[in-house]
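In what follows, a structure is listed as structure tokens, so that the remarks can point back to it.
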Amino acid sequence: MRYGFIGLGNMASAIIRGAIAGGAIAAQDVLGYNHHMEKAEALSQACGMRVCKSIEELATQSACFVLSVMPLALPQVLPQLRPHAAGKRIVTIAAGKTMAYYEEALGQVPVIRVMPNINAVVGASTSCICANAYASDADVTQVRVLFASIGSVADVAEQLFSVFGSVAGCSPAYTFMYIDALAKAGVRAGLSRKASLEAAASAVLGSAKMVLQSAEHPQALADKVCSPGGSTIEGVYALQLGGFEGLVQQAVAAAIEKSARL
């Protein structure tokens, strides 16, 4: 199976590197096209994938198209793919566009939507997947294997795709901001930037593992950290006064709304 990646930004590069390194696909079975050829050439040098000079060249040699361009670029890309789409599998990581959108543009072809996140760069993506009626179980399984090589994959109904994507796909940005805020607070109180950043990031990583491995509700875990009259409950109180939980929910709601407009 030859995979043709159209668009070679950070996410596509992470998927390609992770899938090749994890053995999900062989380097010679990966073709890539990017508007800026120097990016494609650099990725080829790093992982051994083949570079195509046009979408048509990629389309004629690939059995599976992986659309990893911005949603705004799809109206220019899809008409170039349509003459080659019959009998091919379409995988898209573009936000917002429904399977019906691709069917209208490309015909009755298997379409599989996947929404990974930037943590794919370190092999820890949280991805969701769904497929249209033309995709077989074998189609979905093969794509699942590809994305499982860079992290976890969850089945999500398409009507909830933007919700999952807004929670798992957007939240790394919020988490990076939270880690940076913690680190700055440590620096303000006297820790070195390096020590404070490592402490904050390590604590967030450990806390995430606690949530995933524990049967307890996250709030119950938080309560265990809050000793009566202690320092943690003072910090929790300050966060609640500042509307911490409400702001997080507003951020997710804003991302869902934006996704619906893409």
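For Asp155, the salt bridge (charged side-chain N to carboxylate O under 4.0 Å, His left out) criterion is met by Arg144, not counting sequence neighbours. Every side-chain contact (heavy atoms from CB on, under 4.5 Å) that Gln250 has, sequence neighbours left out, goes to Leu247. Partners of Ser162 by side chain to side chain donor-acceptor pair (under 3.5 Å), not counting sequence neighbours: none found. Residues passing the side chain to side chain donor-acceptor pair (under 3.5 Å) test with Asp139 are Arg89, Ser136, sequence neighbours excluded. Judged as a salt bridge (charged side-chain N to carboxylate O under 4.0 Å, His left out), and not counting sequence neighbours, the contacts of Glu198 are Lys194. With sequence neighbours excluded, the residues forming a salt bridge (charged side-chain N to carboxylate O under 4.0 Å, His left out) with Glu158 are Arg113, listed by chain and number.
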Output side-chain donor-acceptor pairs under 3.5 Å for residues 167-192, partner residues at least two apart or in another chain, one line each.
residue: Ser171; atom: OG; partner: Val167; partner atom: O; Å: 2.4
residue: Thr175; atom: OG1; partner: Ser171; partner atom: O; Å: 2.9
residue: Asp180; atom: OD1; partner: Arg193; partner atom: NH1; Å: 3.4
residue: Asp180; atom: OD1; partner: Arg193; partner atom: NH2; Å: 2.6
residue: Asp180; atom: OD2; partner: Lys184; partner atom: NZ; Å: 3.0
residue: Ser192; atom: OG; partner: Ala195; partner atom: N; Å: 3.1

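Identified under the side-chain hydrogen bond (donor to acceptor under 3.5 Å, both in side chains) test for residues 76-88, with sequence neighbours left out: none. Sequence neighbours left out, not one pair with a member in residues 22-45 passes side-chain hydrogen bond (donor to acceptor under 3.5 Å, both in side chains). Evaluation of the side-chain hydrogen bond (donor to acceptor under 3.5 Å, both in side chains) test over residues 52-75, restricted to residues two or more places apart or in two chains, returns Arg50-Gln61. For residues 219-229, every residue pair satisfying the side-chain hydrogen bond (donor to acceptor under 3.5 Å, both in side chains) rule, not counting sequence neighbours, is listed here: Glu216-Lys224, Gln219-Asp223.
Of all non-hydrogen atoms in Ile150 and Ala19, the two that sit nearest each other are CG2-N, 4.2 Å. Across all their heavy atoms, Val114 and Ser127 have their closest contact at CG1-CB, 4.1 Å.
Phe5 pairs in a side chain to side chain contact (heavy atoms under 4.5 Å, CB included) with only one of the listed residues (Val66, Leu31, Leu43), which is Val66. Shown are Leu58, Thr92, Leu78; of these, the side chain to side chain contact (heavy atoms under 4.5 Å, CB included) with Ile6 is made only by Leu58.
Counting non-hydrogen atoms of other residues, nucleotides and ligands closer than 6.0 Å to CE of Met210 gives a total of 12 or fewer. Residue-environment remark: CE (Met1) exceeds the threshold of 12 foreign heavy atoms within 6.0 Å.
Think of Val248 as one node in a network of Ile, Leu, Val, Met, Phe, Trp and Tyr side chains linked at under 4.5 Å; its network also takes in Leu239, Phe244.
Linking Ile, Leu, Val, Met, Phe, Trp and Tyr residues whenever their side-chain heavy atoms come within less than 4.5 Å leaves Leu8 and Val69 in two separate clusters. The cluster map of Ile, Leu, Val, Met, Phe, Trp and Tyr, joined by side-chain heavy atoms under 4.5 Å apart, puts Ile25 and Val153 in the same cluster.
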